Every structure is written in C-alpha cells, then in structure tokens.
Amino acid sequence: MTAIPPSLFQRLEPLLARVKKPAQYVGGEVNSELKDWDQVQVHWCLAFPDAYEVGQPNQGIAILYEVLNQRDWILAERTYAIWPDLAHLMRQQGLPQFSWEGHRPVAAFDLLAVSLSSELGYTNLLELIDLAGLPLRSRDRGDDHPLVLIGGHVATNPEPITDFIDAAVMGDGEEAVLLVSALVRDWLRSGRRGGRARLLGQLAATGQVYVPSLYDVSYAADGMIQAITPLALPRLTDDGDGPGGAGPDLAPARVRKFTLTDLDAWPYPARPLVPVAETVHERYSVEIFRGCTRGCRFCQAGMITRPVRERSTTAIAQMVDAGLAATGLDEVGLLSLSSADHSEIKPLAKVLADRYQGTKVSLSLPSTRVDAFNVDLAAELARNGRRGGLTFAPEGGTERMRRVINKNVDEADLMATVETAFAQGWRQVKLYFMCGLPTEQDEDVLAIADLAGRVIATGRRAAQSRDVGCTISIGGFVPKPHTPFQWAAQAPAEVVDRRQRALKAKVRADRAFGRAITVRYQDGQPGLVEGLLARGDRRVAQVIEAVWRDGGRFDGWSEFFDFERWSQACQRQLAPWGIDLDWYTTRQRDEAEILPWDHLDVGLDRDWLWQDWLDSQDQASVPDCRWQGCSDCGVCPQLGVHSEVGPFDRPLIPLLPLARPTPLAPLAPTAQARV
Amino acid sequence: MSRQPPVQQPPPVQKLWLRYAKRGRGRFASHRDFARAFERALRRAGAPLAYSSGFTPHPRISWANSVPTGAESESEYVAIGLAAVVDPAELAAALNATLPPGFALLAARPAGANLMAELTHSAWEITFPVWENTLIAPAEESSNPEAADLAADPKTAAGTDRPAPDTAQADQPNLSPDPPLLDYRAAPSGLSPAWADRLTRAVAWFLAQPDVPVSRQTKRGRRQFDARGPVVSLTVEPSPDCPNRPGLRLVSRHTVPLVRPDDVVQALDGIDALDGIAPGLGADCLIRRTAQGRLVQGRVVDPLPGPPPA
C-alpha cells in the first residue's frame with residue numbers, strides 16, 4: 001500500500017487569494033465524493049484539459065465519475081486545466097497539479113484519464129502532464145507513475161499525442177473504465193509484476209484499448225505512411241519479468257471502440273455535481289439517445305457513435321425527476337446529437353411539460369432539425385414559461401451543397417419551418433452553416449445571404465410584423481477522421497475568410513433585409529491548426545511540444561490562440577520530413593494512402609466510407625437506416641450491435657402533476673404567524 | 001399566437017431573516033456564486049419558495065452587505081420570502097444538511113421591519129500571512145510546521161478536507177525546488193518584535209489622523225475616499241487562530257462607499273511617515289467579519305444571535 005498523499009490545500013490557499021475566479025479551484029461541490037485513499041484499490045483522476053467553467057459541466061466526466069465512485073474498491077477525483085495566473089504561482093511555489101476533491105497531487109493516482117473533446121486541448125494536455133510532475137513522454141515514465149489514458153472523440157485518432165499518452169480508449173466509457181480498473185487492480189495486487197510494460201500489454205490484449213507504443217509507424221521517402229505494424233506483446237501471464245520474453249502474440253492489428261447497449265441500465269449521471277463557481281452550462285442534462293445515423297458527411301460525431309441507442313421515455317422521466325431533486329437545478333436539457341429524432345419524443349415532451357407545469361423548471365431540447373415538428377416540440381416544452389431560442393442547421397447555402405454533405409433538407413422545408421416558428425410567436429431564429437466544404441464555390445456561400453433574406457420575408461409575413469430577425473452563424477469546416485470527408489482537402493484559411501467576408505458584405509448591402517440579419521463567423525486560421533491535429537500522425541507530436549514549450553496554452557480560446565506560433569513550429573519540426581502544414585490540411589488523399597488511424601476501428605467499413613465520399617461528389621444521398629433501410633456502413637455486424645429504437649414496450653410514467661414530498665412540511669394554518 | 005402576459009405571483013406568506021457564515025474554502029465564492037448555490041440549496045431542502053411576478057419570476061431572496069470575495073464571515077444576512085409557513089429552525093437544519101462545505105446557516109427567525117437598518121456596523125479580524133519580514137528569522141522555523149485547522153467548519157472537522165501534514169513531495173523535476181513557504185494558517189515560532197512595533201505605531205498614527213484618503217478600483221473606475229472616518233476602533237491583537245501571529249481588530253460603521261478592512265490595511269500600508277519604513281502588510285491578509293449589527297457600547301450586536309460558543 002502506497003502512502004496516503006497529502007492535501008495541498010493549505011499551501012494552495014494563499015495563492016488563491018491572488019488569482020482570478022478562485023472559487024473554481026476549491027472543490028467540495030454538492031454531490032462530489034471524497035473517499036478514503038486507503039480504503040480503495042484503484043485511484044482514478046479524471047481530467048478535462050480546459051478551464052473549470054468549461055470542463056465541469058462535461059457529461060462524459062460526470063457519467064464516469066459516478067460509475068467509478070459507485071464501486072467500493074475504486075475512487076475517482078477530478079482535475080481541470082489551471083488558468084495561467086495560478087499555474088505560474090504554483091510553479092513558483094513548487095506546487096503540482098492537484099485533484100479537486102482532496103487537493104492531492106495528480107502524480108499520486110494510479111490513472112490519469114483525460115477526456116479530450118477537441119484537438120485544440122492538446123497543449124493543455126501537455127501542460128497538465130508537466131504540472132503534475134510526470135515525465136512528458138510516456139516512454140520515460142516508471143512503474144509508480146500514473147497511467148495516462150485518454151478518451152473522447154479525438155481518441156479515434158490520437159496519433160499526434162501518442163508520444164505523451166500511455167493508452168487511448170474509443171467509444172462509450174462506462175464499460176471501458178471498469179475493464180481498465182479490473183486490470184489495474186490485478187496488476188497492483190501482484191506487486192506490479194512485469195512492470196508498466198506488462199500492464200500495457202494486458203490492456204492491449206483486450207483488443208479495445210489502444211496502446212500506441214505497441215505499434216510501429218514507418219514513413220516512405222515521399223512523406224506518406226509506409227506501414228503501421230503491430231509489435232510483439234510483452235509476456236502477460238508467465239512469471240518472467242519485463243517484456244523480454246515475448247511470445248508469438250502481436251498487438252491486435254485493429255483496435256475496436258466500446259459500444260454501450262441498453263442505456264436504461266446505465267442511468268448516469270444521476271447526481272451530477274452542482275458547482276459553486278459559475279460554469280457555461282448549469283442545467284441537469286439527460287442523454288435521450290446516443291449515436292446518429294442521419295449520415296451528414298462532415299459530422300464525425302455522427303459517424304463514430306453509431307448505431308442509435310435510445311433511452312426509454314420512462315427512464316428519461318425518472319432521471320429528470322431524481323436529477324432535479326439531487327441537484328436543486330431548475331433547467332433540464334434533453335441531449336443527443338439530434339434530439340427531435342427520438343422515436344417517442346412527442347409523448348416525452350408532453351409528459352415532461354405536464355409534469356413540470358406550474359413549477360419553475362424549464363425544459364430545453366437542443367435540436368437543430370429543420371422541420372415544423374421541431375418547432376412544435378419547442379413550443380410544447382416552453383409551455384411552462386421560459387422560451388429558449390430556436391436554431392436550425394441547413395449547413396449549406398444551396399441545394400447542391402446540401403446534397404454534397406448529405407443534409408437532406410430542401411428550401412421548402414426551411415421556409416415551412418421558419419414560418420411555423422414566426423407564426424408561433426418567435427421573433428428571432430438562428431441558422432447554422434459551414435464554410436469551406438468540399439466542392440464549395442463562392443456562390444454556395446453567397447447564397448446564404450439570399451436564403452436569409454427569404455427567411456426574413458417569410459417571417460415578416462407569418463408574424464405580421466417587421467420586427468423579426470435572423471442570426472447566421474458560420475463555422476469553418478474541418479475534415480475529420482472516420483468520415484467520408486477524411487480524404488478531402490481542407491479549404492485554405494484565406495479562402496474561408498474571403499468567402500465569409502464576401503457574405504457579410506452582401507448581407508450588409510441588402511437594403512430590404514440586411515438590417516434584420518446578423519452574420520457571425522470565426523477566422524479560418526484556428527480551423528487549419530485543428531485540421532492539422534485532427535488528421536495528423538505521430539510526427540505532429542514535435543509540433544505540439546514545440547508550441548507548448550513556446551508558451552502555447554488554451555488554444556481553444558481566441559485570446560490565447562497564436563497562429564504564428566503554430567505556423568513557425570510546423571516549419572521547423574516538419575521540414576526534416578519534407579512535409580508541411582498544407583500537406584496535412586489542404587492536400588486531398590487518395591484511396592490507397594494509409595491513413596494514420598487505419599488501425600483504429602469505430603466499426604465503419606472503409607469501402608463504405610470511400611463510396612460515400614464518391615457519392616458526395618455525385619451529390620447522391622444516403623438515407624437514414626432508422627427509416628429507410630440499411631446502407632451497409634458496417635457498424636452493426638462489425639461491433640455485434642444493432643440500433644435500439646422505440647417505441648418501447650414499457651409504460652409511460654403516469655400523467656400526474658409533480659408532487660414530491662418535501663422535507664419541510666408547511667405548518668398547520670393555525671400556527672401561521674403574521675408577517 | 002402572441003406571448004401571454006405573465007401570471008401575477010401571490011405575495012409571500014412568510015418572510016424570514018437568516019444569518020449565515022462563510023468559512024475556509026467558502027471565502028473564495030463571490031457573492032454571485034453563493035447566491036446561486038443558496039438558491040439551489042433552498043430547492044434541495046424543499047423550501048416553499050415564493051417568486052416575484054414578471055416574465056422571468058425570481059425567488060424572493062434579498063441580500064444585505066455581503067463580504068468581499070476572499071473574506072470569511074460569521075455574520076452574513078439574507079431575507080427570504082416563502083409561499084408557505086415553515087418552522088425557521090427546521091429550515092435552518094435542512095439547509096445545513098445540504099449547503100456545500102464552507103457555508104453554514106447560523107440562525108433563522110421571522111423577519112422584522114427593515115434588515116438593512118439593523119446592520120449599521122461590522123466587527124472584523126484581520127490576520128497577516130507568515131511572510132519572511134513578519135518572522136524573527138525564517139531559518140528558525142521548523143521545516144515541518146504544525147498544521148492548523150483549516151477552519152472551525154463542522155464539515156471540515158469531520159475530516160473531509162482537513163489538510164494532512166506536509167510530507168516530502170514526490171519527484172518533481174519540472175517544478176522549481178524549495179520555494180519559500182507562504183501560509184496563513186501555519187504557526188510561526190515567533191513574531192519579529194520590530195515588525196510588531198511598526199504595526200502598533202502605524203495603527204496609532206492612523207487613529208490620530210482626522211482623515212486618511214485611500215483609493216480602490218470599483219465598477220465605476222478608481223474612487224478615492226476617506227478610510228479613517230468610519231473606523232470606530234482599531235487595535236493590534238494576536239490572531240485568534242494562532243497567538244504568535246499578528247492581527248488587527250477593527251470596528252467600523254457602514255458607509256457609502258463601504259470602507260472595508262482591506263481599505264484600512266491599504267491606509268496602514270501606505271504610511272511613510274514612520275522612519276520611512278512601511279509596515280509591509282501587503283494584500284495577502286486574511287479578513288473575517290465576526291459580527292454585524294448595531295453598535296452598543298462599543299460592541300457590535302447582531303440582530304440574530306449566533307450559535308452558543310463551542
């Protein structure tokens with residue numbers, strides 16, 4: 001048994017008095033758990049490498065926190081990126097990265113599990129590892145250092161950060177963390193027999209944990225990847241020490257993602273933490289389903305989380321009721337990748353709206369689906385009072401563009417939708433588009449202005465008022481792994497910026513509608529760096545390290561992002577390989593090229609993806625398999641799962657108004673005091 | 001369909017005054033942070049909140065004179081309106097069971113006429129950190145100072161975040177070695193007599209002045225005001241947390257703008273009439289409000305009594 005690590009809080013406290021938003025660092029949130037260190041066998045530190053205000057509401061961390069802490073042999077604490085003002089003082093005072101619950105040094109835990117949802121968090125990952133006092137590179141870590149594990153969407157191509165992590169897990173984390181916990185417990189019990197190498201070998205042998213050090217990547221003279229070769233596993237079960245006695249077994253040729261089935265059996269988070277410091281989302285969120293099969297070709301989330309697995313309406317309603325009671329929150333979010341698509345969304349919305357009528361609970365459904373049904377749902381949920389904004393995502397400005405990306409909405413759908421919205425009393429809608437999509441021409445982006453003009457005209461007619469508005473929000477498109485656009489050339493930042501500026505100018509010049517339309521967009525340069533990190537290989541590690549050593553942090557924050565720093569690091573670090581930033585981003589790949597993530601299996605058939613890429617150039621649509629038959633993407637047979645979609649053979653909860661027993665019974669009327 | 005006019009909410013059936021404490025880690029919560037946490041605690045406790053009328057009804061909660069972020073307090077006040085009559089003691093107990101650590105409900109009672117009119121004065125304790133220039137000699141200090149309690153928080157005492165003694169750190173090749181220790185709660189072996197003397201003389205000088213101008217950054221820019229006028233008394237006394245630590249006791253009248261303990265510290269720090277040597281108090285002092293209420297014979301008396309001394 002290792003020594004109980006000390007709390008660093010006493011030494012941290014004087015520093016907190018000198019920094020911005022000190023309340024974020026003190027922990028102790030309602031529903032957080034501080035377990036006795038020596039009463040459990042496996043110690044996890046769950047990390048989100050962004051500021052607390054962004055990381056605390058993260059749903060993935062909230063779920064794993066409960067799944068782990070419910071086991072009496074495991075504890076899980078949390079850590080977040082420390083803002084540069086405090087990180088600077090901590091380095092001065094010799095204080096390492098700490099956990100929020102016990103303020104224990106992160107280096108004392110058995111596992112440091114980092115949830116990475118954005119590639120722009122990579123420099124913060126390096127900062128976190130370094131501030132924890134761990135060797136930056138996994139190969140320099142010893143048996144007593146925590147295992148550095150990553151999960152989240154970027155784990156489907158962790159190649160640019162493989163030098164810094166020990167292992168990556170793709171897909172749903174619930175079962176993964178329990179599997180890893182059991183292997184770590186057994187290894188610790190054995191007195192760490194065989195060292196770190198054996199534990200990593202055991203994890204790799206499951207076929208579901210990616211251990212990058214067990215794969216060799218070689219490069220051809222032209223800069224392309226020549227081969228990704230699995231290496232021999234260390235001896236896993238014999239009494240021999242160390243990896244020397246390698247048997248015939250190699251690391252698995254392909255590593256599979258985790259796919260959770262029967263979401264009703266995993267009703268988490270049931271008691272999410274309630275922060276004292278302010279965060280970006282303060283609501284109780286329930287995932288109503290996981291996965292999406294709409295098949296939007298730009299959408300990595302939709303491709304890597306297949307198939308659709310719905311939670312039953314009964315389970316959702318029970319989670320909402322218990323979650324509100326456990327947190328004291330008064331906002332509920334019904335989350336998923338496309339919430340209006342739940343097979344029983346209509347009865348669910350009615351049940352919840354009835355149940356919370358007359359209370360101060362507000363319900364929201366973050367859905368961007370372009371149809372009138374979506375508006376009706378929003379109106380039903382807003383029955384209780386507060387009415388949120390309406391957002392629709394046509395994504396492309398022309399029919400042609402929308403067919404390329406398989407976003408099968410036509411303009412009539414959009415106009416019918418906004419007509420319903422304005423007729424039902426909304427005065428403002430928000431429309432999402434992307435810029436820089438494959439095959440996009442200037443006209444495709446400029447057409448957004450015409451579309452927005454027709455939205456305003458339709459809105460004025462429906463609302464019988466000139467007081468209607470439309471916000472156009474544009475995101476730069478970044479090609480992502482495991483999507484049909486993984487082969488596509490990313491648009492240069494100049495092209496994206498030029499088209500966005502031209503659109504804004506066109507809207508401004510529109511005398512009839514220009515003043516009713518707001519255009520929001522971001523610079524193209526951060527998207528280029530995101531593109532480098534998203535489709536990068538192991539050689540990009542040197543770029544990330546150089547940027548971090550030069551002071552790069554919080555790259556997702558515009559006040560910190562420095563394109564010049566990234567650009568220079570690329571020039572210096574990639575030149576020896578004969579490649580550059582453009583090679584990773586604006587270069588189109590062909591079918592035969594070995595992609596850095598080809599050995600990582602999210603279930604999608606590579607030939608299906610290639611065909612979908614060809615289809616996109618023919619503007620051919622692929623239907624959603626929930627409604628129009630299977631298109632053989634490969635996920636179900638490959639992963640041994642299938643779509644789990646209602647209607648469920650389970651009764652809905654009774655349609656009764658909420659009557660929760662309160663611990664504070666009102667006094668009898670006779671005892672009422674005059675006030 | 002146009003938007004319905006908002007429903008008119010009924011007036012509260014019961015109004016309560018509550019007194020609460022911010023301790024230990026709770027001192028880092030801003031007033032807005034605590035206001036959100038308190039509202040959620042009321043809901044978890046099942047309190048029958050009354051709401052204001054309007055498009056976005058808010059719970060009827062009004063705050064009085066909250067301490068600055070970073071200060072502790074044994075005497076904070078809030079008034080709430082309820083839609084049903086409850087037993088104030090039961091409500092206080094239910095809140096204490098669900099408030100985050102660092103906050104404690106000390107007393108609750110039916111509201112009187114005007115809470116702000118009851119809160120005319122505050123009593124404060126100011127404790128200075130263990131800084132090199134406050135000690136006889138840093139080298140004489142034990143390398144492993146005895147850890148003091150974080151705070152008298154019952155949740156802390158139960159062991160949830162009691163600091164463990166500072167044992168040797170793990171290997172940290174990336175961190176600077178052996179930095180100077182800066183700590184509020186550790187007990188130094190002795191106080192520098194010269195430093196204590198300077199502090200005493202600074203206080204005497206301050207009290208002898210008719211006014212001492214200070215300035216502070218406010219939402220409306222930098223404002224200058226007199227820190228001396230509202231001060232009823234100011235004395236040098238050892239810190240209640242540790243007799244070897246220097247501290248100040250301050251009683252002051254509430255004014256607009258409010259003269260806060262850190263303003264008084266700033267006034268003391270700015271004195272250069274004393275042999276040209278400032279006391280060097282710095283901005284790192286720990287501030288605690290010990291009482292808030294009316295001034296009765298030089299003492300501040302709370303409108304709601306605190307818990308009996310332990």
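Model, not experiment: these values are computed from the prediction.
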Honestly, the part of A/Val276 sitting under 4.5 Å from a heavy atom of chain B is both
Correct closest heavy-atom pair for B/Thr98 and A/Val30 would be O-CG2, 3.7 Å
Separation between CG of A/Asp330 and CG of B/Leu49, rounded to the nearest 0.5 Å: 10.0 Å
Could you tell me the separation between the CG atom of A/Leu329 and the CZ atom of B/Arg36, rounded to the nearest 0.5 Å? 11.0 Å
Is it the side chain or the backbone of A/Thr327 that comes within 4.5 Å of chain B heavy atoms, both, or neither? backbone
Let me confirm one number: the CD-NZ distance from B/Glu39 to A/Lys360, rounded to the nearest 0.5 Å. 11.5 Å
To the nearest 0.5 Å, what is the distance between CD (A/Glu13) and CZ (B/Phe28)? 5.0 Å
Spacing of CZ belonging to A/Phe9 relative to CZ belonging to B/Arg25, to within rounding of 0.5 Å: 6.0 Å
On a heavy-atom basis, the closest approach of A/Ala23 and B/Asp33 is CB-OD2, 3.7 Å
Say you draw a straight line from NZ of A/Lys21 to OG of B/Ser30; how long is it, rounded to the nearest 0.5 Å? 10.0 Å
Is it the case that the side chain of B/Arg40 and the backbone of A/Gly328 share a donor-acceptor pair, with hydrogens and angles ignored and the cut-off at 3.5 Å? no
So, does B/Arg44 use its side chain to make a donor-acceptor pair with the main chain of A/Ala326 at under 3.5 Å? no
Considering all heavy atoms of both residues, which atom of A/Gly28 and which atom of B/Pro100 are nearest to each other, and what is their separation? O-CB, 4.0 Å
How about CD on A/Gln464, more than 12 heavy atoms from neighbouring residues, nucleotides or ligands closer than 6.0 Å, or not? no
Answer yes or no: does atom NE2 of A/His281 have more than 12 heavy-atom neighbours from other residues, nucleotides or ligands under 6.0 Å? no
